[in-house]
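Any value given below was found using the heavy atoms of this structure, including those in side chains, with hydrogens, waters and symmetry copies removed. Residue indices begin at 1 and follow the sequence shown.
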Amino acid sequence: VHGWALVGGSLYVASLSIQPQQVFVDGNFGDRKPSLGEVTSNLDWYWEANQLYLYSSTGDPDIAFDNPGVEAGSRSLCSILKGDHVVITGITARHSNRNGFSGWNPGSNVTIRNCLAEWNWYKGIAMEGDDSLYENTVIEDNVTRFNGIGGIGLSGPGKNSIIRRNKCLSNGKYQSAEYVYDGMQQWTFGIKLFENETNFQEGNEIYENQVYDNGRGHPEDKQGRGTGIWIDTVPGKPANPIVIRHNLVYSNKGNGIFIEISSNTVVFGNLLHNNASNERGTGGATPANIVIDSRLDYQSDNNLVYSNTLYGGRAGIKLNTYGQSSGCSINNNQVKNNIVIGASEHRLLCDSGGDNDGVWGVGNVYEHNSFGEESDDFISWNATRYNTYADWESAYGGPSHSIEGDPQLAGTSRNDLYLTASSPCRDAGADLGPVYDDALLELSGWVDSVETSDQDWYGGGWDVGAYLYSGFNPILFADGFE
């Protein structure tokens, strides 16, 4: 943007015919204001009637800023994908007024590889549609960061897509902190699948991604603001489920992995560390590292949460319903072979169906998990807090085969969540079958050196948690996974 004129004081104006959603000053994110009278500090800007106003205490923006100067978003999409067998690789998409790489009813066999999508108003990479099925999308080895809503989003009738080895960070963090310009910017994420009941999304795999630091942490933010990986309104297909596996998900302000009004999703072998720090929400609205929930007349049934390791956050694993109406259910979900420690409030939180109340939920199974050492309120079940495994199992209605006590991990940082030789979680898990027997090895690193091995490779049974104990002592570098 050039041709600035002084309005008065440190306020300047330039002609700009297209309303921008974002303005950057020498690469710094501008602070959009809802009225001209609020443009009072450096980086403040306001647009109205084809005029862009900018506050600059250092003088004329044409002279003060030249690296690269004042930039304003002028296009809704940086790259539009249409048609089958399209490959995009090695491209940067930034500063869009909507999405970076975007396809509307995009066609099948589209690949986006080794690209950078940053500072776009909505999503970095978005495949969207209404009634046209798209299949076999591959989104791999990209970096998506600083986008207004999310890093990678697939919505509508997508099938058999792969999202792998991407770094999705710091999305939904900077733009529009009070959501005054776009209400969608309150529902932020690293990776999201959203179907809206088209009944087509199936077979999508999300694996070996590094998803972190998404969301703002605003005092009014709740569980769905700053989610790591989010499956939303996807009924799913039992024979071809959505699979989320072997991802590193950490420091997201909302839920770590969120299965919202969705069924037939498999979550296994993931590491989750210090997600769910948003302050708003108590009881069933508490953010957690892994969440399955339902509401209204929707169902969240037949999801599998297997062999994950979770540390920190306000809660570990949560299953519940809220705002229910006839038809709402949370049934037959299985939570097995997980390690959950370090949560500040509850390591397991089940309510309004997640607790098998017979009204909103039945058949949910919680077995062979390690919820760590007994402590005050470490389990919340049907709004009652429990301090011992025995008291909780009495409410649960039978033995849980939990691995009680300290799981004896190597440490509590995200690169130390593997089993030690003395861990009671070794050989203590349920055999979940060959589909789910790939466990992480200790030297795995994200995103390009994730290593797995079969559970039967070492020891006499299945280990609990995301890692297989291999008898090998890793060499830990100072910067951990990086």
### Task
Test Arg225 against every option in His218, Gln186, Gln185 by the side chain to side chain contact (heavy atoms under 4.5 Å, CB included) rule and name the one that passes.
Gln186

### Task
Report the residue from Arg295, Lys192, Lys318 that forms a salt bridge (charged side-chain N to carboxylate O under 4.0 Å, His left out) with Glu260.
Arg295

### Summary
When rounded to the nearest 0.5 Å, the distance separating CG of Asn240 from NZ of Lys159 is 7.0 Å

### Query
Looking only at atom types and distance, does a side-chain atom of Asp26 sit under 3.5 Å from a main-chain N or O of Gly69, one as donor and one as acceptor?
yes

## Note on the structure
Rounding to 0.5 Å, atoms CZ (Arg113) and CG (Asn166) come to a distance of 11.5 Å

### Task
Please say whether the positively charged group of Arg98, taken as NZ for Lys or CZ for Arg, lies over the ring of Trp104, i.e. under 6.0 angstrom from the six-membered ring centre and within 45 degrees of the axis.
no

## Note on the structure
Between the CD1 atom in Ile330 and the OG atom in Ser300, the distance rounded to the nearest 0.5 Å is 5.5 Å

### Task
Classify the angle between the aromatic ring planes of Phe24 and His95 as parallel (below 30°), tilted (30 to 60°) or perpendicular (above 60°).
parallel

### Message
Run the side chain to side chain donor-acceptor pair (under 3.5 Å) test on Gln210 and Tyr250 for me, step by step, so that the C-alpha distance in whole Å, both residues' side-chain angles and the decisive distance to 0.1 Å come before the verdict.
### Response
CA-CA 8 Å; Gln210 187 177 14; Tyr250 64 95; 3.2 Å; yes

### Chi angles and distances behind the side chain to side chain contact (heavy atoms under 4.5 Å, CB included) call for Lys167, Val447
CA-CA 7 Å; Lys167 291 188 177 184; Val447 291; 3.9 Å; yes

### Task
Classify the ring geometry between Trp119 and Phe29 as parallel (under 30°), tilted (30 to 60°) or perpendicular (over 60°).
parallel

### Task
Assign the ring pair Tyr436 / Tyr306 to parallel, tilted or perpendicular, where the plane angle (0 to 90°) is split at 30° and 60°.
perpendicular

### Task
Compute whether any side-chain donor of one residue and acceptor of the other, for Asn214 and Asn252, lie under 3.5 angstrom apart.
yes

### Task
Check Leu304, Leu432, Asn302, Asn364 against Gln334 for a side chain to side chain contact (heavy atoms under 4.5 Å, CB included) and give me the one that passes.
Leu304

### Query
Do any N or O atoms from the side chain of Arg314 and from the backbone of Gly281 form a donor-acceptor pair under 3.5 angstrom?
yes

### Query
Between Asn247, Asn369, Asn338, Asn289, which is the residue that forms a side chain to side chain donor-acceptor pair (under 3.5 Å) with Asn308?
Asn338

### Message
When you measure from the side chain of Asn147 to the backbone of Ala117, do you find a donor-acceptor pair of N or O atoms at a distance under 3.5 Å?
### Response
yes

### Query
Taking the six-membered ring for Trp, is the centroid-to-centroid distance between Trp381 and Tyr366 below 6.0 Å?
yes

### Query
If you measure from CG on Asn337 to NE2 on His368, what distance do you get to the nearest 0.5 Å?
7.0 Å

